[in-house]
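Shown next, in structure tokens, is the structure this report addresses.
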Amino acid sequence: MPCRFFLCLKERKMAKVQSVRGTYDLYGTAKRKAKKVVKIASETVEKYGFEEIETPIFEFTEVFARNLGDTSDIVTKEMYTFQDRGGESLTLRPEGTAGVVRSFVSEGMQQNLPVKFYYTGPMFRYERPQKGRQRQFTQFGVEMLGVETPQADIEIIAMAYSFLKNLGLDQSIIVEINSLGDQESRDAYRSKLVAYLKEHFNELSSESKERLEKNPLRVLDSKEECDKAVVANAPLYSDSLNETSKKFFDDVLKGLDLLEIPYRVNNRLVRGLDYYSHTVFELITDKLGAQGTVLAGGRYDGLVAEMGGGDVPGIGWACGVERLSMLLDEDVELPRPVAVIEVGEDVHDEALKLAYDLRNTGYRVEHSYSGNLKKRMMKANKANAYAALILGSDELSKGNVTFKNLDTGEQKEISLKNVQKELK
Ligand code: ATP
Ligand code: MG
């Protein structure tokens with residue numbers, strides 16, 4: 001039966017045999033690097049007692065867009081929202097925290113605090129695609145729920161830093177950190193900021209004029225040049241922190257000093273989402289131009305309550321796997337295989353069996369599919385094999401194969417029984 005997909009494409013003159021704007025196929029070097037990023041991230045955070053969670057790729061829209069006052073870019077203009085056949089409004093997840101917290105609440109995990117999860121997977125945002133900015137991208141993230149002391153903040157930042165260090169990126173990375181304080185401090189800062197921004201109303205971008213009403217803190221985060229100029233002289237957050245918030249932030253910084261984690265306090269740092277409090281931080285590199293933030297996070301003490309899960313504090317971070325992959329200079333080396341090379345058709349069955357047995361005992365085996373000896377040897381070298389096992393009918397009749405060390409070129413006839421000993 002002809003494939004419906006292709007029939008349909010034929011009718012539309014093959015216009016759509018391409019990926020959607022802002023999405024990419026990940027394979028070869030890029031996929032190997034992305035896999036390495038996730039592997040090192042998982043290994044690092046597992047040492048801190050984090051366990052993996054997998055939440056659905058789509059959720060009810062309200063999981064992400066919880067209140068009408070939400071002014072984050074993600075919620076106001078980047079979500080992929082659709083109605084399913086049952087009439088429910090669903091959204092492809094644009095970030096991981098909301099889904100993890102939804103799961104924490106709906107699965108009733110409040111009994112066993114703290115809860116420490118990590119996740120990885122695709123996120124979807126309708127953004128303008130450019131280098132390091134995609135419409136489908138992969139995040140790796142962590143969430144710690146139930147710890148209100150600065151120890152959580154210190155640990156979570158230390159974990160992010162160790163992860164990038166384990167990836168070999170610590171030389172080009174700096175931690176930027178700020179405190180948004182508790183609710184009282186936020187309110188105090190907010191009024192000061194609004195008063196200041198109103199004085200400069202005419203200099204602001206139209207978007208910031210709008211934000212001034214709904215969430216003035218976001219103006220600090222604006223990427224528009226005219227806003228940046230105004231923001232440069234805005235009141236400093238640190239002047240509005242109350243004693244509790246100041247002490248909290250000091251304790252976090254002391255912890256980072258103790259662990260010798262390099263950081264820079266950035267008084268202008270706020271985060272894109274509305275639910276942060278106290279510590280916010282970003283790990284930034286100077287190697288990716290405008291898309292220099294590779295990892296970002298903060299404390300979100302009000303979020304669980306907002307989702308109906310009670311007064312449980314939270315803190316976490318997420319990193320862009322593709323952005324981090326782009327920073328890895330070298331290709332990721334795969335373990336070198338052994339090549340099984342058959343000479344003549346009558347040894348095919350023996351070759352199949354040998355390759356199967358070796359693979360079952362843990363070897364990576366390249367068993368070429370066609371060609372004469374020369375072609376097959378070329379393929380073995382291309383696959384970066386370290387040894388070749390050459391099967392010819394003469395040797396096989398004696399129970400032997402030719403073992404060739406592909407690095408030195410040395411070769412000798414050995415007994416089939418000794419193949420594994422020789423490979424070691
Ligand atoms: P930005 O300011 O770059 O838009 P953001 O504040 O929207 O970042 P977060 O929501 O904090 O980003 O996501 C955490 C990380 O995920 C980012 O630091 C980045 O590495 C990665 N990331 C975010 N959006 C994208 C995207 N569209 N494409 C690729 N990676 C992304
Ligand atoms: Mg963004």
Side-chain angles (χ1 to χ4, degrees), residues 19-24 26 30 33-34 37-38 41 64-65 70-80 91-101 118-143 156-157 160-161 163-164 167 169 172-178 180 207 211 215 217-224 227-228 266 268-276 279-300 303 314-328:
S19 61
V20 174
R21 186 166 138 83
T23 68
Y24 298 91
L26 216 50
K33 287 183 177 177
V37 169
V38 171
F64 306 110
D70 198 325
T71 55
S72 62
D73 286 350
I74 291 182
V75 174
T76 55
K77 47 187 191 200
E78 294 175 1
M79 294 203 309
Y80 279 92
T91 294
L92 298 183
R93 63 181 182 199
E95 50 109 3
T97 306
V100 173
V101 171
Y118 73 87
Y119 60 82
T120 185
M123 304 293 160
F124 306 84
R125 298 184 190 177
Y126 192 79
E127 303 202 62
R128 197 167 64 78
Q130 49 193 297
K131 189 177 178 219
R133 193 173 291 283
Q134 305 163 200
R135 289 185 173 172
Q136 176 175 333
F137 61 101
T138 314
Q139 276 189 343
F140 179 98
V142 299
E143 313 295 348
I156 221 108
I157 295 171
Y161 186 71
F163 155 47
L164 297 186
L167 260 186
L169 298 177
S172 65
I173 295 278
I174 173 103
V175 179
E176 289 210 343
I177 186 167
N178 193 21
L180 307 180
E207 208 171 8
R211 282 174 175 161
N215 186 351
L217 288 188
R218 289 296 319 289
V219 178
L220 300 178
D221 199 25
S222 170
K223 286 164 186 123
E224 300 290 334
D227 294 331
K228 280 187 186 165
N266 173 357
R268 307 283 174 213
L269 182 68
V270 294
R271 299 275 313 123
L273 290 162
D274 285 346
Y275 49 63
Y276 288 103
T279 317
V280 289
F281 57 92
E282 293 189 345
L283 274 65
I284 298 174
T285 167
D286 50 12
K287 288 192 178 167
L288 288 176
Q291 265 59 250
T293 303
V294 288
L295 183 151
R299 184 169 269 284
Y300 48 85
L303 181 61
I315 181 165
W317 51 253
C319 68
V321 172
E322 290 86 357
R323 273 193 211 175
L324 279 169
S325 308
M326 287 192 284
L327 291 173
L328 301 183

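We use all heavy atoms of the structure for the numbers below, so side chains are in, but hydrogens, waters and symmetry mates are not. Order of appearance sets the numbers: ligands from 1, and atoms from 1 within every ligand.
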Going by the atom numbers of ligand 1, which of them fall below 4.0 Å from some non-hydrogen atom of Ala318? 14 (C), 15 (C)
Would you call the rings of Phe140 and Tyr118 parallel, tilted or perpendicular if under 30° counts as parallel and over 60° as perpendicular? parallel
Out of curiosity, is Gln134 lining ligand 1, as in a heavy atom under 4.0 Å away? yes
For Gln139, which part has a heavy atom under 4.0 Å from ligand 1: side chain, backbone, both, or neither? side chain
Atom indices of ligand 1 within 4.0 angstrom of Thr293 heavy atoms, with elements: 17 (C), 18 (O), 19 (C), 20 (O)
Can you list the atoms of ligand 1 that are under 4.0 Å from a heavy atom of Glu127? 24 (N), 25 (C), 26 (C), 27 (N)
Nearest heavy-atom contact between Val75 and Phe64 is CG2-O, 3.5 Å
Considering Glu95, Lys223, Glu282, Arg135 one by one, which has a heavy atom nearer to atom 2 (O) of ligand 1 than any of the others? Lys223
Test item: Arg93 side-chain N/O and Pro122 main-chain N/O as donor-acceptor pair under 3.5 Å: yes
Any donor and acceptor pair, going by atom type alone, linking the side chain of Arg323 with main-chain N or O of Val294 inside 3.5 Å? no
Kindly say whether Thr279 contributes a backbone atom to a donor-acceptor pair with the side chain of Arg299 at under 3.5 angstrom? no
Would Gly320 count as a polar contact of ligand 1, with the cut-off being nitrogen or oxygen pairs under 3.5 Å? yes
Do other residues, nucleotides or ligands put more than 12 heavy atoms under 6.0 Å from the OH atom of Tyr126? no
Glu322 and Thr138, any side-chain heavy atoms less than 4.5 Å apart: yes
Closest to atom 5 (P) of ligand 1 by heavy-atom distance, out of Arg125, Arg323, Arg133, is Arg125
Those atoms of ligand 1 less than 4.0 Å from some heavy atom in Ala296: 11 (O)
Where on Val294 is there a heavy atom closer than 4.0 Å to ligand 1, on the side chain, on the backbone, on both, or on neither? backbone
